[in-house]
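This structure is a prediction, so every number in the text was calculated from the model and none was measured.
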Amino acid sequence: MISFFTDIASEMLYPIMPIFLQSIGFSILVIGFLEGFAEALAGLSKGYFGKLSDSTGKRLPFVQIGYALSALSKPMMPLVLNPIWIFFSRTVDRLGKGIRTGARDAILSNESTVTNKARVFGFHRSMDSFGAVVGPLLALLFLYYYPKQYTYLFYVAFIPGLLAVMITFLLKEDKKTNNTLKPKISFFSSFYYFKKSTIHYKKLVIGLFFFALVNSSDIFLLLKAKQFGLSDEYVIGLYIFYNLAYAILAYPIGIMADKVGIKTIFIIGLSCFCFVYFSITMVNNFYFFIFIFFVYAVYAAATEGISKAWIALITPKDTVATAIGTFASFQSIGAMLASSITGVIWYNFGSNYAFIITAISTSCLILYFTQLSKPNSIKIEE
């Protein structure tokens, strides 16, 4: 429920954020720099705060502070229409995500077992994605009655964000702390942890990082739909449809992963991704777009939560926050580079080349993942 309400707040603003920033004088270049800087900060901080959570043995404070910062950033942004303040507000939002991610996923892992770990992470992704459906719908409804009143929408988005923070106080955790781990923690803890991690973790995260390098922002798929000639309403509709399908599929696919194997479902998800990126170069009608975005939802449901469950299964319990935070750090860096690379290829050679190169690269990665050990076959030393 915390993730559900937080995503409602975030996704209410997602469709109008570029419009709002442009309306106060931000260029596309500055918006790109703002988002890149914010995402890089969030990515690097996930490993640091994950390690800090493991070293103290505490989860709840990181979850509460992280979600509180993200909620507060919503009404902060329109208070002062100054570039420095906007950068600060956006950074507060992303830093909140960095603080909470590792600890939150460690709680999910701790509340699950070997037999239902994918189901638990799948359910979390499902609720998160339902928020991504409700948020844009509420934003469209608000703007229908109050056109171009973007500033007020930031204040409205604070309400579900505040509800999320209030629910964090219903969570409970053991009072004990871990006094055996008191290392000096660096902001670049992700790289230190990766260096000392097990070979199974290294192999998995290397594969996930290279996939992040070719997996550009979903905005490029939406831009392709726009390039095809679809109206803004249809493009937003596709985005909402994708999130709805993702939300519905994530939990049952998590259940399936626990039964047939996490590795198998993950590879099926990557295969769906390849299909989407190959097929979108040949799309010729709106209904085919709907089908492609449905398959894309299958890919997301079969990989995003599943990859975290895979990591949790091959990681000692007392380092799960660090392990997932480290993975998230590498993933954020890869995603930031992926969008830049895709943008350059699109600009110089056209959209079809960008999508086909991504699909071919992912096909090679599928072969790589087939060589990895099944997570349930790996013995974990606590």
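Residues F194 and F330 place their aromatic rings such that the two centres sit under 6.0 Å apart. You'll find the ring centres of Y193 and Y201 inside the 6.0 Å limit.
R59 has no carboxylate O lying under 4.0 Å from a charged side-chain N of D105, or vice versa, which leaves the two without a salt bridge.
No donor-acceptor pair closer than 3.5 Å links the side chain of S279 to the backbone N or O of V276. Put simply, the side chain of S53 never gets that close to the backbone of F49: no donor and acceptor are under 3.5 Å apart. At distances below 3.5 Å, not a single donor-acceptor pair connects side-chain atoms of W310 with backbone N or O atoms of K374. Side-chain atoms of S363 come within 3.5 Å of backbone atoms of A359 as a donor-acceptor pair (strictly under, hydrogens ignored).
Both Y152 and Y144 are assigned to one and the same hydrophobic cluster, defined by single-linkage of ILVMFWY side chains at heavy-atom distances under 4.5 Å. Under the 4.5 Å side-chain heavy-atom criterion for ILVMFWY residues, a single connected hydrophobic cluster contains both Y368 and I267. Under a hydrophobic clustering in which Ile, Leu, Val, Met, Phe, Trp and Tyr are joined whenever their side-chain heavy atoms come within less than 4.5 Å, directly or via other members, V344 and F355 fall into different clusters. Grouping the Ile, Leu, Val, Met, Phe, Trp and Tyr side chains by contacts below 4.5 angstrom, directly or via other members, places V214 apart from F278. L140 and Y145 fall within a single hydrophobic cluster, where Ile, Leu, Val, Met, Phe, Trp and Tyr are joined by side-chain heavy atoms under 4.5 Å apart, directly or via other members.
Enclosure of atom OH in Y146 is not indicated, since only 12 or fewer non-hydrogen atoms of other residues, nucleotides or ligands lie within 6.0 angstrom. Within 6.0 Å of CD1 in I84 there are 12 or fewer heavy atoms belonging to other residues, nucleotides or ligands. More than 12 heavy atoms of other residues, nucleotides or ligands lie within 6.0 Å of NZ in K202, so this atom counts as buried by the packing criterion. By the 6.0 Å contact criterion, OH on Y155 is enclosed, its count of non-hydrogen atoms from other residues, nucleotides or ligands being greater than 12. The number of heavy atoms from other shown groups lying within 6.0 Å of CZ (F286) is above 12. Within a 6.0 Å radius of CZ in F294, no more than 12 heavy atoms belonging to other residues, nucleotides or ligands are found.
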Quiz item: Under the side chain to side chain donor-acceptor pair (under 3.5 Å) criterion, do T113 and N116 qualify, and how do the steps go?
Solution: CA-CA 5 Å; T113 66; N116 70 359; 3.1 Å; yes
Practice problem: Take S70 and K97 through the test side chain to side chain donor-acceptor pair (under 3.5 Å) and record every step on the way to the result. | Solution: CA-CA 7 Å; S70 290; K97 185 170 186 178; over 6 Å; no
Quiz prompt | Verdict with supporting geometry, H200 and S373, side chain to side chain contact (heavy atoms under 4.5 Å, CB included) | solution = CA-CA 8 Å; H200 298 292; S373 301; 3.9 Å; yes
Practice problem: Go through the steps to decide whether S112 and K117 satisfy the test side chain to side chain donor-acceptor pair (under 3.5 Å), and finish with yes or no. | Solution: CA-CA 5 Å; S112 63; K117 204 165 289 285; 3.1 Å; yes
Exercise. Would you sort out whether K46 and F327 count as a side chain to side chain contact (heavy atoms under 4.5 Å, CB included), showing the intermediate values?
Key: CA-CA 9 Å; K46 287 173 186 176; F327 153 66; over 6 Å; no
Exercise. With side chain to side chain donor-acceptor pair (under 3.5 Å) as the test, would you mind laying out the steps for S351 and K224 before giving the verdict?
Key: CA-CA 7 Å; S351 60; K224 182 66 175 178; 2.9 Å; yes
Quiz item: Run the side chain to side chain contact (heavy atoms under 4.5 Å, CB included) check on V205 and T326 step by step: do they pass?
Solution: CA-CA 9 Å; V205 171; T326 297; 5.5 Å; no
Exercise. Give the intermediate values and the outcome of side chain to side chain contact (heavy atoms under 4.5 Å, CB included) for residues M77 and I86.
Key: CA-CA 6 Å; M77 189 168 289; I86 297 294; 3.5 Å; yes
Exercise. Please step through ring-ring contact (aromatic ring centres under 6.0 Å, His included) for the pair F211 and F273, ending with a clear verdict.
Key: CA-CA 11 Å; F211 177 58; F273 181 89; 5.0 Å; yes
Under 3.5 Å, sequence neighbours excluded: what are the donor-acceptor pairs made by side chains of residues 125-139?
| residue | atom | partner | partner atom | Å |
| --- | --- | --- | --- | --- |
| R125 | NE | Y246 | OH | 3.1 |
| R125 | NH2 | D128 | OD2 | 3.4 |
| R125 | NH2 | E304 | OE1 | 3.3 |
| S126 | OG | A247 | O | 2.4 |
| S129 | OG | R125 | O | 2.9 |

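Distance CZ/F369 to OG/S271: 11.5 Å, rounded to 0.5 Å. The SG atom of C274 sits 10.5 Å away from the OH atom of Y299 when rounded to the nearest 0.5 Å. Residue I306 holds its CD1 atom at 9.5 Å from CZ of F266, rounded to the nearest 0.5 Å.
With F289 as the fixed residue, the ring pair (Phe, Tyr, Trp, His ring centres under 6.0 Å) test singles out one of F241, F228, Y234: F228. Here the options are L222, D218, I240, the test is side chain to side chain contact (heavy atoms under 4.5 Å, CB included), and the partner is F293; only L222 passes.
The side-chain heavy atoms of T198 and I314, taken from C-beta on, include no pair separated by under 4.5 Å. Using a 4.5 Å cut-off on side-chain heavy atoms (C-beta onward), L143 and Y150 make contact. Annotation: side chain of V120 is not in contact with side chain of H124 (no heavy-atom distance under 4.5 Å). With contacts defined as side-chain heavy-atom distances shorter than 4.5 Å, the pair L208/I311 qualifies. Under the 4.5 Å side-chain criterion, counting only non-hydrogen atoms from C-beta, V165 is not in contact with Q64. Between K74 and D93 there is a side-chain heavy-atom pair separated by less than 4.5 Å.
Because its NZ or CZ atom is not both nearer than 6.0 Å to the ring centre of F62 and within 45° of the ring axis, R100 does not count as a cation-pi partner of that residue.
The two residues V320 and S109 have their closest heavy-atom pair at CG1-CB, 3.9 Å.
Between Y277 and Y296, the ring planes are tilted. Angles from 30° to 60° get that label.
Y353 and T281 are not linked by any side-chain donor-acceptor pair at a separation below 3.5 angstrom, with hydrogens and angles left out of the test.
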